[in-house]
Undergrad: 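Below is the structure I would like to discuss, written out as structure tokens.
All ligand and atom numbering here is 1-based and tracks the order in the structure. Positions are given from 1, in the same order as the sequence printed here.
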Amino acid sequence: MDFNNKTILITGGAGFIGSNLGFYFQENYPNSKIVIFDCFRSEKKFSNGNLVSFGHYKNLIGFKGDVICGNINNHKDLSLLESFKFDFIFHHAAISDTRVYDQEVVMQTNINSFYWFLEKSLKDNSTLVYASSAATYGSLPSPQRIGLESPENPYGFSKYMMDQIAESFYRKNPTIKIAGLRFFNVYGPREFFKAKTSSMVIQLGHQILDGQAPRLFYGSENILRDFIYIDDVIEANILACNTKFSGSFNIGTGEPRSFLDIANILQKELSTDFDIEYFKNPFSGYQMHTQADISLSTKAFNFRPKHSLESGIKLYINNIKEMHKASLD
Ligand SMILES: NC(=O)c1ccc[n+]([C@@H]2O[C@H](COP(=O)([O-])OP(=O)(O)OC[C@H]3O[C@@H](n4cnc5c(N)ncnc54)[C@H](O)[C@@H]3O)[C@@H](O)[C@H]2O)c1
């Protein structure tokens, strides 16, 4: 697909996945018009101590497209997008922190705003790709498949509802193309500003670079997750623009790996040999095993992830080192 001369909206474009997508278009389709819409981070925090939003200008240094600072909860801000006619909308803005329990604010931000983007896609005849999540599955047994969901936190429920709303919207408006991407655990460059909500790959990497033993929950060799490298996630966003049918799609590798595997691979890359330090998992409702069934994504848009945990971490390791003494401010 050629994105040159296309107008592309990326909401959440100052965040991890959105900023990588922005740079992907800039580098590969220099004649595309890219508009990033993000509220950026304020100093507001949730009661869990994490920032309300993680978008950071440092993720966008070198970005040459348009940037609009706006909140998806605010119709006046959204009206700034009215003058554009978008060919593609990538809707990634959301409260991405799975441990925000203020249901009102999660639903308002993640669900209410979605209706606006659906209507805008219909009006502009744009393809809509939006971020859903593996959190829609809660702790259902692996492999997680589209059609059987059981969210266990407000965040997971908000994404589940987005998928339901999208489905009724494209059934009513069959000309529109919508792909909801249920990302599993994504890791890679530009996730640093997610701080405590960034992947365990960078968090363990920085512990090791601090000269500390990697700290894991007891039984971490049995806690398996489907970790996917950012390049494969960007590829999924691109391929999904050409989906044969609208729907929700799992975006993972299909190969679950343990947190212990991450620590071991990082130690190998960083030439360290610390003994692992174990501690009790303080969380309830913790996903113990995720594994994306990606057969539908392969069928719809030929999604075939390229990276194993080993090759992803190898590509990422220099950036983990670069970000090691960076400031979170
Ligand atoms: N990273 C993952 O592992 C993962 C997994 C599953 C789903 N997702 C989803 O993918 C999308 C991108 O995730 P990410 O990891 O890049 O997270 P992120 O927090 O880095 O990016 C989200 C962006 O949305 C912006 N934002 C938040 N609230 C906003 C608001 N009210 N108005 C405007 N902008 C707002 C933030 O400033 C941030 O830049 C999110 O929808 C997230 O829920 C991510």
Undergrad: Would you say Ser133 and ligand 1 have an N/O pair spaced under 3.5 Å apart?
TA: no
Undergrad: Taking only Lys NZ, Arg NE, NH1 and NH2, and the carboxylate oxygens of Asp or Glu, determine whether Lys306 and Glu235 approach each other closer than 4.0 Å.
TA: yes
Undergrad: Yes or no: does Phe37 have any heavy atom under 4.0 Å from an atom of ligand 1?
TA: no
Undergrad: Just go through His92, Lys159, Arg190 and tell me whose heavy atom is the nearest to atom 12 (C) of ligand 1.
TA: His92
Undergrad: Among all protein heavy atoms, pick the one closest to atom 10 (O) of ligand 1 and tell me residue, atom and distance.
TA: Ala131 CB, 3.3 Å
Undergrad: Ring centroids only, cut at 6.0 angstrom: are Phe217 and Phe279 within range, meaning strictly under it?
TA: yes
Undergrad: Less than 3.5 Å between some nitrogen or oxygen of Asn185 and one of ligand 1, yes or no?
TA: no
Undergrad: For Tyr155, is the NZ or CZ atom of Arg99 found under 6.0 angstrom from the centre of its six-membered ring and inside 45 degrees of the ring axis?
TA: no
Undergrad: Inspect the contact between Asp124 and Lys85 and indicate whether a charged nitrogen and a carboxylate oxygen are less than 4.0 angstrom apart.
TA: no
Undergrad: Is there at least one pair of N or O atoms, one from Ile72 and one from ligand 1, spaced under 3.5 Å apart?
TA: yes
Undergrad: Please report which non-hydrogen protein atom sits nearest to atom 23 (C) of ligand 1, along with the residue it belongs to and the distance in Å to one decimal place.
TA: Gly12 CA, 3.6 Å
Undergrad: Do Ile17 and ligand 1 have an N or O pair less than 3.5 Å apart?
TA: yes
Undergrad: Identify which of Ser19, Ser158, Ser96, Ser132 has a heavy atom lying nearest to atom 7 (C) of ligand 1.
TA: Ser132
Undergrad: Kindly indicate whether a cation-pi arrangement holds for Arg225 with Tyr286, taking the cut-offs as under 6.0 Å to the six-membered ring centre and within 45° of the axis.
TA: yes
Undergrad: Report, in ascending order of atom number, the atoms of ligand 1 lying under 4.0 Å from any heavy atom of Phe54.
TA: 19 (O), 36 (C), 37 (O)
Undergrad: Give the numbers and elements of all ligand 1 atoms closer than 4.0 Å to a heavy atom of Ala14.
TA: 39 (O)
Undergrad: Just to verify, which of Gln108, His91, Met162 counts as forming a side-chain contact (heavy atoms from CB on, under 4.5 Å) with Ser113?
TA: His91
Undergrad: With no hydrogens and no angle check, do the side chains of Asn222 and His289 hold a donor and an acceptor under 3.5 Å apart?
TA: no
Undergrad: Below 3.5 Å, N or O to N or O, backbone or side chain included: is there any such pair between Gly55 and ligand 1?
TA: yes
Undergrad: Which residue and atom name correspond to the protein heavy atom nearest atom 6 (C) of ligand 1, and how close is it?
TA: Phe183 O, 3.3 Å
Undergrad: Only counting residues at least two apart or in another chain, list the ones meeting salt bridge (Lys or Arg N to Asp or Glu O under 4.0 Å) with Glu149.
TA: Arg182
Undergrad: Does Ser142 reach the main-chain N or O of Gln144 with its side chain, forming a donor-acceptor pair under 3.5 Å?
TA: no
Undergrad: So, does Asn20 use its side chain to make a donor-acceptor pair with the main chain of Pro189 at under 3.5 Å?
TA: yes
Undergrad: Record the part of Asn71 in heavy-atom contact with ligand 1 below 4.0 Å; permitted values are side chain, backbone, both and neither.
TA: both
Undergrad: Would you mind checking which non-hydrogen protein atom is closest to atom 15 (O) of ligand 1, with the distance to 0.1 Å?
TA: Lys194 NZ, 2.6 Å
Undergrad: Under 3.5 Å between any N/O of Gly15 and any N/O of ligand 1: does that happen in this structure?
TA: yes
Undergrad: Going by atom types alone, do Asn31 and Asn5 pair a side-chain donor with an acceptor below 3.5 Å?
TA: no
Undergrad: Run the salt bridge (Lys or Arg N to Asp or Glu O under 4.0 Å) test against Asp261 and tell me which residues pass, sequence neighbours left out.
TA: Arg257
Undergrad: What is the nearest protein non-hydrogen atom to atom 24 (O) of ligand 1, stated with its residue, atom name and distance?
TA: Ala93 CA, 3.3 Å
Undergrad: Using a 4.0 Å cutoff against the non-hydrogen atoms of Tyr155, which atoms of ligand 1 qualify?
TA: 6 (C), 7 (C), 8 (N), 9 (C), 42 (C), 43 (O)
Undergrad: As an exercise, identify every atom of ligand 1 less than 4.0 angstrom from a heavy atom of Asn73.
TA: 31 (N)
Undergrad: Tell me if the centroids of the rings in Tyr130 and Phe117 come within less than 6.0 Å of each other.
TA: no
Undergrad: Please say whether Ala134 places an N or O atom under 3.5 Å from an N or O atom belonging to ligand 1.
TA: no
Undergrad: Can you list the atoms of ligand 1 that are under 4.0 Å from a heavy atom of Gly70?
TA: 32 (N), 33 (C)
Undergrad: Return the closest protein heavy atom for atom 28 (N) of ligand 1 as residue, atom name and distance.
TA: Ala94 O, 3.7 Å
Undergrad: Any donor-acceptor pair under 3.5 Å linking the side chain of Asp38 with the backbone of Ala14?
TA: yes
Undergrad: For ligand 1, which is the ligand I care about here, please tell me if Cys39 has any N or O atom under 3.5 Å from one of the ligand's N or O atoms.
TA: yes
Undergrad: Only heavy atoms of Thr109, strictly under 4.0 Å: list the atoms of ligand 1 that pass.
TA: 31 (N)
Undergrad: If we check side-chain hydrogen bond (donor to acceptor under 3.5 Å, both in side chains) with Thr253, which of these qualifies: Asp232, Asn185, Asp226?
TA: Asp226
Undergrad: Which protein heavy atom lies closest to atom 5 (C) of ligand 1, and at what distance to 0.1 Å?
TA: Phe184 O, 3.2 Å
Undergrad: Return the closest protein heavy atom for atom 39 (O) of ligand 1 as residue, atom name and distance.
TA: Asp38 OD2, 2.6 Å
